[in-house]
> 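Sharing a structure here in structure tokens format.
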Amino acid sequence: MIKIKKLTSGLLALGLSASLFFQTPVFAAEETTQDAAVQDTGSAVSTNSIPGWPQGSDITSTAAVVMEASTDTILYAKNMDQTLYPGSTVKIMTTLLALENSQLADNVTMTQTGVSGVTDGGASISSQLDEVFSMEQCLYSIMLASANDIALQVAEHIGGSVDTFVQMMNTRAQELGCTNTVFTNPTGLPDENQHTTAHDMALIMEAAISNETFRTIASTASYTIAATNVSGGSRVLTNNFSMITNGNASYYEGCLGGKEGYTEASGSTIACAASRGGMTLIAVVFQGAQGTTAAEAVSILDYGYNNFQLLDVGDTDFNLISGGIVVAPMGISENDITTEDTAADDGNLNRTYYYGGTAIGTGRVMPSEEQDLSLLTQGQENMAAAQDLSANKTPVPYYVIGGVGAFLLLLLILWIVKIIKS
């Protein structure tokens, strides 16, 4: 293969000038991008405008998204990039950041910062000044009881101050690919400057469920905090997340947990994840009527599981290094999927898989021998073009050059003969 590459390089160099005149630009990749950028002209559900995409029903909430976790493919989208108040879903980021920057056994002592959350108008576990909790107890309090007092205290404990922790939240959001998110507090209480989008929150939820401890906490039905150094008895926390509660109308089989809440500013909000048949979907619904978003999350998750499948399109590609898994509408085959390769820094190729102009998965592949030979063929074609170009030029200059060369060669031979004879 190395020899082929060297030969290819040589041929390409020889044919460079002809290539400039005779090669035709290929615009397939640009057309794919344009197809992907088609704007929805009818339904409020923008994914309904994708050619060949299963049609999703509209919901009453302002914004929603369903994203497949292994490929980040958007299966369902309604105003997913509209900035809205996140409400209590902010606590997903608070919990994730705490898990990434502390140990469950750490002791957290309540200060006035945290205790102020007992009377801020939101949920709390009625913590008291100087009361000591483990970080584990704190995170269960945040996710199961939506405790604002504990969220504030965890923020101060990790960041040194709530403001510093909020800065950490915003930095982490950017690292996760969020582009329209600004956090101003770790609780989700109303603040006109705090906002995110359904898509950004899906990225945050994706990171959270990749953390095993987060999944354990978020899916726990109840948790008991034993008596502390201040309290006279234990606290029993019950998870108020409706989609994991058996008997609740919004119970969803395979749900990994999530967070929901309501304020007048944000309306009803929910972010959740579920896993069925080896496929993990994340759903976010923002700015709904009170008591409706869980049911709407169920409906769009059902849409995802009923209409899409995971396909391994790289199982016969020996050059595949990683990836090759796509999420695509039911009933389509590998023949319906197109690919686009771009060069990676390590000499391999980044491959993107498309259906209907929409990216549905990625992979990393090694350049194949066939791809190298195609370059060789291109180089040969360039050489042929250069020869054709030369053939159309007047031959006089080449005869002159050839004659001069022959004359010099004759002089060299005569000089050598003279030396031998002498």
Side-chain angles (χ1 to χ4, degrees), residues 86-111 113-128 131-159 161-162 165-166 168-169 172-173 183-191 194 196 201 204-205 207-209 211-226 228 231 234-245 256-263 266 269-273:
S88 194
T89 60
V90 166
K91 293 187 174 81
I92 295 171
M93 174 60 92
T94 301
T95 303
L96 172 63
L97 204 56
L99 286 169
E100 293 176 339
N101 292 275
S102 68
Q103 301 296 319
L104 294 178
D106 291 352
N107 287 327
V108 179
T109 302
M110 298 301 298
T111 68
T113 299
V115 172
S116 67
V118 175
T119 57
D120 64 6
S124 76
I125 62 167
S126 300
S127 61
Q128 301 178 57
E131 190 168 10
V132 179
F133 300 97
S134 69
M135 182 60 73
E136 177 181 292
Q137 292 170 334
C138 287
L139 299 185
Y140 275 96
S141 298
I142 294 171
M143 288 301 297
L144 273 61
S146 203
N148 290 339
D149 51 347
I150 303 302
L152 289 168
Q153 196 60 59
V154 164
E156 184 179 74
H157 176 83
I158 292 176
S161 70
V162 173
F165 185 82
V166 168
M168 294 170 65
M169 294 171 69
R172 190 72 178 101
F183 292 118
T184 60
N185 64 57
T187 63
L189 286 175
D191 185 311
Q194 181 158 257
T196 187
M201 185 53 66
I204 294 169
M205 187 66 189
I209 62 169
N211 186 296
E212 183 178 356
T213 304
F214 180 92
R215 294 197 307 272
T216 299
I217 294 172
S219 61
T220 297
S222 65
Y223 180 84
T224 300
I225 299 177
T228 67
S231 70
S234 60
R235 295 175 174 92
V236 178
L237 309 179
T238 300
N239 197 335
N240 56 16
F241 188 63
S242 59
M243 294 178 67
I244 67 166
T245 304
L256 302 175
K259 199 80 183 69
E260 59 187 323
Y262 176 86
T263 68
S266 68
T269 61
I270 190 170
C272 61

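Because the structure is a prediction, the values reported are computed rather than measured.
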> For Met201 versus Ala271, what's the shortest heavy-atom pair and its separation?
CG-CB, 3.9 Å

> Would you name the heavy atoms of Met205 and Ile92 that are closest together and state the gap between them?
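Between these two residues, the closest heavy atoms are SD-CD1, 3.7 Å.
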
> Phe133 and Ser127: which non-hydrogen atoms are nearest, and at how many Å?
CE1-CB, 4.0 Å

> Write down the atom of Ile150, the atom of Ser141, and the distance for their closest heavy-atom approach.
CG1-CB, 4.0 Å

> Are the side chains of Val90 and Met169 in touch, meaning some heavy atoms are under 4.5 Å apart?
yes

> Applying the side chain to side chain donor-acceptor pair (under 3.5 Å) criterion to Gln153, which one of Thr109, Thr113, Asn148, Thr111 satisfies it?
Thr111

> Rounded to the nearest 0.5 Å, how far apart are CD1 of Ile217 and CG of Leu144?
8.5 Å

> Is there a side chain to side chain contact (heavy atoms under 4.5 Å, CB included) between Met168 and Asn101? Walk through the geometry before answering.
CA-CA 10 Å; Met168 294 170 65; Asn101 292 275; 4.0 Å; yes

> Under the 3.5 angstrom rule, does the side chain of Asn239 hit a backbone N or O of Ala218 as a donor-acceptor pair?
yes

> What is the distance from atom NZ of Lys91 to atom CG of Leu96, rounded to the nearest 0.5 Å?
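Interatomic distance, Lys91 NZ to Leu96 CG, rounded to 0.5 Å: 15.5 Å.
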
> Can you tell me how far apart OG (Ser222) and OH (Tyr140) are? Round to the nearest 0.5 Å.
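Those atoms lie 10.0 Å apart.
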
> Asp106: which residues meet the side-chain contact (heavy atoms from CB on, under 4.5 Å) condition with it, sequence neighbours left out?
Ser102, Gln103, Met135, His157

> Assess whether side chain to side chain contact (heavy atoms under 4.5 Å, CB included) is satisfied between Phe183 and Arg172, documenting all intermediate values.
CA-CA 11 Å; Phe183 292 118; Arg172 190 72 178 101; over 6 Å; no

> Any side-chain heavy-atom pair from Ile244 and Leu256 closer than 4.5 angstrom?
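Heavy-atom side-chain distance check fails, nothing below 4.5 Å.
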
> Taking salt bridge (Lys or Arg N to Asp or Glu O under 4.0 Å) as the definition, give me every residue that meets it alongside Arg235, ordered by chain and number, with sequence neighbours left out.
Glu131

> What are the two closest non-hydrogen atoms of Thr213 and Asn211, and how far apart are they?
N-OD1, 3.0 Å

> Consider only side-chain N and O atoms of Lys259 and Thr269, and report whether a donor and an acceptor are under 3.5 Å apart.
no

> In Å, rounded to the nearest 0.5 Å, how long is the span from CD of Glu100 to CD1 of Ile158?
10.0 Å

> Looking at Cys272 and Phe241, what are the two nearest heavy atoms and their distance?
CB-CZ, 3.6 Å

> Short question: side chain of Thr94, backbone of Pro186 - any donor-acceptor pair under 3.5 Å?
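Side chain of Thr94 to backbone of Pro186, a donor-acceptor pair under 3.5 Å: yes, one is there.
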
> Are any side-chain N or O atoms of Asp191 and backbone N or O atoms of Thr184, one a donor and one an acceptor, separated by less than 3.5 Å?
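A pair under 3.5 Å: no.
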
> At what distance, to the nearest 0.5 angstrom, does CD1 of Ile204 lie from CD1 of Ile209?
13.0 Å

> Working to the nearest 0.5 Å, report the span between CG of Asn185 and CZ of Phe165.
11.0 Å

